[in-house]
Enquirer: 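Attaching a single structure in structure tokens format; questions to follow.
Predicted, not measured: the structure shown is a model, and the values here were computed from it. We name chains A, B, ... by the order of the sequence lines, and we start the count at 1 in each one. Excluded from the calculations below are hydrogen atoms, water molecules and symmetry mates; all remaining heavy atoms, backbone and side chain alike, are included.
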2 protein chains.
Amino acid sequence: MVETITQSIQDYLKHIYELNENGGTASTNDIAARLNIAPASVTGMLQKLASSNPPLVVYKKHQGVTLTKSGEKAALEVIRHHRLLETFLVNTLGYSWDEVHREADRLEHVISEDFEARMAEALGHPTRDPHGELIPTADLVMPTDESCPLASLRTDETATVKRVSDDDPALLRHLREIGVIPEVKLTVKNYSEFDGNLTIKVSGQKSNVVLGRTITNQIFVEK
Amino acid sequence: MVETITQSIQDYLKHIYELNENGGTASTNDIAARLNIAPASVTGMLQKLASSNPPLVVYKKHQGVTLTKSGEKAALEVIRHHRLLETFLVNTLGYSWDEVHREADRLEHVISEDFEARMAEALGHPTRDPHGELIPTADLVMPTDESCPLASLRTDETATVKRVSDDDPALLRHLREIGVIPEVKLTVKNYSEFDGNLTIKVSGQKSNVVLGRTITNQIFVEK
DNA sequence: CTTGTAATTTAGTCTAACCTAAATATATTT
DNA sequence: AAATATATTTAGGTTAGACTAAATTACAAG
């Protein structure tokens, strides 16, 4: 049998992977929200993905889905494409941090394995994309992420920024302005018990910045 | 109204443009052959393209189609994407002459205008792609081509290669081997009345080569 | 000017992926 | 434990773009 993995199936798998990373199982509604389609349409597709050969998801009515091994491989393939593309667009065409996402979302489905390999080669086989997200390896293994939210640090702790959540372009632009980008070092000058704000000294920047919980939960660091 | 120009419509328009360049009107069968689909499917699409708003083709039953101004603009947009992409892939990812075509065929439909502009900029606004095909300008005008088939030259004439037909990868590899690539100078050493063969001295190559009609009709030069 | 062939069109189907509305299952609150 | 709210599924429908088979039109050759 071996049914074809269409572009929309790739999109489903990618988002299910990301939902699985956080929650566990991915719910019909969450998937629908991410794909901007009606929940009813998602149900139909999940049934199809579960009964394809080989099955790409494990699906129990009313209980969401998880990826099978095959589903995960297919998802990682797309994610590798996406993250390599983001890196490539920033490095070779001067795209900025916040502009690459939409472009990569369209390109990820159409590039060949050859294109993927040539990009990886040209970029020196990077392990993270411009936002610091880990890039699955060529044999489709997702490296483990050792980083923790900046929000979990306390006064006098020092760490290196590893990753920044990429789903809000405005936040990305802001972080770029205050110098919070991957591989930059920072130190917590103060932690406020009251509201969870952190006062941060960013290496290379003159003045300290105060960041709220909402932001510090989207920045990931290694001590 | 302004209906959306889907990927397959883009493909139809691109091939109709190319058929119009040679023949005049594009026939149902020719289009079907190029797109690898059944002629009956083409008829349906042509009717749709002719009655869309604005109309993209002029269609008279049993007499093939030509592009309208709107159809031509849409076609040139795709062709510009394609040719810039080929140039980009060769220049920045080390693709060879004969490998770029398939990749560009998929990418041409999904890149943004921004991507197009960045490529053009990075490449220094090239006027020809790696095979020497003219690239439509940013405002979608196809430059006029002054070149003529190598087959039309006679003994002792000298010319510069401008373009090579790109639809046969094997031919492309052969031409690369004997040094026949755009901007290379060559001289006709002999013309054979009998079979139309040309004996050619290619600048930078030690030994002369003899090329038959089939090949010399696919190489375009300027004297 | 008729007849055979090739090109084209019509008519009717199919599939993928979406939709809406209604039905049902699950979860939450009182 | 019932009542309500929320999440999910079912049922039925739409659209784009392909298909095959049959009908028609155009064209070329005797």
Enquirer: Using whole Å, what does the distance between atom C1' of nucleotide C:dC18 and atom CG of A:Asp11 come to?
Expert: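 From A:Asp11 CG to C:dC18 C1': 14 Å.
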
Enquirer: What residues, two or more places apart in sequence or in another chain, satisfy side chain to side chain donor-acceptor pair (under 3.5 Å) together with A:His109?
Expert: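 If we apply the side chain to side chain donor-acceptor pair (under 3.5 Å) test to A:His109, skipping adjacent residues, the hits are A:Gln10, A:Asp11.
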
Enquirer: Looking only at the side chains, is there a donor atom on one of B:Glu103 and A:Ser112 sitting less than 3.5 Å from an acceptor on the other?
Expert: yes

Enquirer: Once you build an axis from the first five pairs and another from the last five of the helix from C:dC1-D:dG30 to C:dT30-D:dA1, how far apart in angle are they, to 10 degrees?
Expert: 0°

Enquirer: Just the table, please: protein N/O against nucleotides 9-11 of chain D N/O, every pair under 3.5 Å.
Expert:
from	atom 1	to	atom 2	distance (Å)
D:dT9	OP1	A:Tyr59	OH	2.3
D:dT9	OP1	A:His62	N	2.9
D:dT9	OP2	A:Thr28	OG1	2.9
D:dT9	OP2	A:Thr43	OG1	2.9
D:dT9	OP2	A:Tyr59	OH	3.4
D:dT10	OP1	A:Lys61	NZ	2.8
D:dT10	OP2	A:Gln47	NE2	2.5

Enquirer: If we ignore hydrogens and angles and just use 3.5 Å, is the side chain of A:Trp97 paired with the main-chain N or O of A:Pro130 as donor and acceptor?
Expert: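 Looks like yes, one N/O pair under 3.5 Å.
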
Enquirer: Donor-acceptor pair, B:Thr28 side chain versus B:Thr43 backbone, under 3.5 Å?
Expert: no

Enquirer: Report yes if a side-chain nitrogen or oxygen of A:Ser8 is closer than 4.0 Å to either non-bridging phosphate oxygen (OP1 or OP2) of C:dA16; otherwise report no.
Expert: no

Enquirer: Hydrogens and angles aside, do B:His81 and B:Glu108 bring a side-chain donor and acceptor to less than 3.5 Å of each other?
Expert: no

Enquirer: What integer distance in Å separates A:Gln7:CD from D:dG17:P?
Expert: 14 Å

Enquirer: What is the distance from CG of B:Leu13 to P of D:dG17, rounded to the nearest Å?
Expert: 11 Å

Enquirer: Think A:Tyr12 has a side-chain N or O under 4.0 angstrom from the OP1 or OP2 of C:dA16?
Expert: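 The answer is no; no side-chain N or O of A:Tyr12 sits under 4.0 Å from OP1 or OP2.
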
Enquirer: Do A:Asp139 and A:Thr137 have a side chain donor and acceptor closer than 3.5 Å?
Expert: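 Yes, side-chain donor-acceptor contact under 3.5 Å.
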
Enquirer: Can you tell which of C:dA16, D:dG17, C:dC19 lies closest to the side chain of A:Ile37?
Expert: C:dC19

Enquirer: Can you check the B:Lys48 NZ to C:dT10 P distance for me, whole Å?
Expert: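 One finds 16 Å between P of C:dT10 and NZ of B:Lys48, rounded.
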
Enquirer: What is the separation between atom CD1 on A:Ile31 and atom P on D:dA7, rounded to the nearest whole Å?
Expert: 14 Å

Enquirer: Would you kindly give the CD1-to-C1' distance between A:Ile5 and C:dA16, to the nearest whole Å?
Expert: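 So the two atoms are 15 Å apart, to the nearest Å.
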
Enquirer: Relative to the ring of A:His101, is the ring of A:His82 parallel (under 30°), tilted (30 to 60°) or perpendicular (over 60°)?
Expert: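 A:His82 and A:His101: perpendicular rings.
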
Enquirer: Give a yes/no on whether any side-chain N or O of A:Asn29 is located under 4.0 angstrom from OP1 or OP2 of D:dT6.
Expert: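 For D:dT6, OP1/OP2 do not have a side-chain N/O of A:Asn29 under 4.0 Å.
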
Enquirer: Rounded to whole Å, how long is the line connecting atom CD1 of B:Ile9 with atom C1' of D:dT15?
Expert: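 These atoms are roughly 12 Å apart.
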
Enquirer: Against B:His131, only a single residue in B:Arg163, B:Arg83, B:Lys162, B:Glu86 fulfils side chain to side chain contact (heavy atoms under 4.5 Å, CB included); can you say which?
Expert: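 Only one of B:Arg163, B:Arg83, B:Lys162, B:Glu86 forms a side chain to side chain contact (heavy atoms under 4.5 Å, CB included) with B:His131, namely B:Glu86.
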
Enquirer: Hey, are the side chains of A:Arg176 and A:Ser96 touching, using non-hydrogen atoms and a 4.5 Å cut-off?
Expert: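 Yes; the side chains approach each other to less than 4.5 Å.
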
